[in-house]
Amino acid sequence: MRIDIISVLPEMLTATLDASILGRAQARGIIDVAVHDLRDWTTDRHRTTDDYPFGGGPGMVMKPEPVYRALDAISDLHPDTPMVVVMSPQGRPLDQALVHDLAAQSRLILLCGRYEGFDERILDRADLEVSIGDYVLTGGELPALVLVDAVARLQEGALGCTDSATDESFAEGLLEYPQYTRPAVFEDKQVPEVLLSGDHARIAAWRRRESVRRTAERRPDLLVHAHLTDEEREFARRIAEGETTHGD
Ligand code: ADE
């Protein structure tokens with residue numbers, strides 16, 4: 001998968017992209033990420049990428065010309081047609097379903113804004129606007145890194161263990177079950193006995209039930225789209241209404 005990122009703060013991106021699983025995925029050729037400085041497509045002495053908003057008001061607006069030139073030039077760097085994604089708090093909220101859709105693309109171009117916003121004509125070049133949450137950051141760089149991280153780890157071979165990307169929060173529309181490692185007793189806190197039993201069917205059943213419990217307690221909104229049996233749905237309903245205790 002090829003990802004091009006356009007930003008006026010490229011150094012903010014490169015340090016993170018070269019670290020950890022993202023760096024390894026790049027080194028192994030699983031993802032090919034290129035960071036571009038938007039200022040390379042300015043034509044004035046000051047390398048200006050923003051300007052005052054028509055109609056007045058606070059803040060600066062990202063100019064369209066450098067962005068158009070950057071998108072034209074960067075599109076030509078690779079044979080695949082890119083999906084152009086603009087990082088914006090006005091965009092579609094990023095969730096695991098959208099991450100899966102984006103991870104299936106062969107090529108993305110991510111555009112990061114810094115300033116109050118984009119000249120609306122820039123958005124004519126976008127296939128999608130994406131927000132990472134209902135809060136406003138100083139720019140699209142951190143959101144772009146979030147998106148790249150989430151998408152990269154779904155690529156074949158990016159994670160050490162192939163199971164880890166599927167058996168996790170949101171894969172089933174549920175939060176993840178509690179996890180424990182050694183020691184079995186720590187500061188008088190005992191790991192649930194079932195996890196030490198070696199009985200894989202019982203363990204799977206316990207984990208599933210704890211996932212449902214957690215989701216009902218913490219994120220009942222997710223249950224609307226989760227795939228639950230009738231019995232699980234009834235269990236979730238009782239938890240949401242505060243009818244059950246932890247022993248259930
Ligand atoms: N740019 C600034 N805030 C953002 C957000 N929450 N999501 C995506 N891009 C942004």
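Note that ligands are numbered from 1 as they come in the structure, with each ligand's atoms numbered from 1 the same way. In this text, all values refer to a predicted model and were calculated from it rather than measured experimentally. If you read the sequence from its start, that first residue is 1, and numbering goes on from there.
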Check: Pro143 N/O within less than 3.5 Å of ligand 1 N/O: no
Shortest non-hydrogen separation from Leu196 to Ala184 and the atoms involved: CD1-CB, 4.2 Å
Identity and separation of the nearest protein heavy atom to atom 6 (N) of ligand 1: Tyr135 O, 2.8 Å
Exercise: identify the closest heavy-atom pair between Arg114 and Met62: N-SD, 4.3 Å
Proximity flag Val130 to ligand 1, non-hydrogen atoms under 4.0 Å: yes
Main-chain N/O of Leu175 paired to Thr215 side chain as donor or acceptor, under 3.5 Å: yes
Atoms in ligand 1 with a heavy atom of Gly139 nearer than 4.0 Å: 1 (N), 2 (C)
Rounded distance (nearest 0.5 Å) linking atom CG of Asp149 with atom CG of Leu154: 10.0 Å
Non-hydrogen atoms of Tyr115 and Met60 that approach each other most closely: CB-O, 3.2 Å
Close-contact set for ligand 1 against Gly133 heavy atoms, below 4.0 Å: 6 (N)
Short N or O distance, Leu137 and ligand 1, threshold 3.5 Å exclusive: yes
Heavy-atom nearest neighbour in the protein, as seen from atom 7 (N) of ligand 1, with distance rounded to 0.1 Å: Ile132 N, 3.0 Å
Any N or O of Thr138 closer than 3.5 Å to N or O of ligand 1: no
Nearest non-hydrogen protein atom, atom 9 (N) of ligand 1: Ser88 N, 3.1 Å
Closest non-hydrogen atom pair between Gln155 and Ile31, with its separation: CG-CG2, 3.8 Å
Protein contact to atom 10 (C) of ligand 1 [nearest heavy atom, distance to 0.1 Å]: Pro89 CD, 3.5 Å
Minimum heavy-atom distance Ser75-Ile109, with the two atoms named: OG-CD1, 3.9 Å
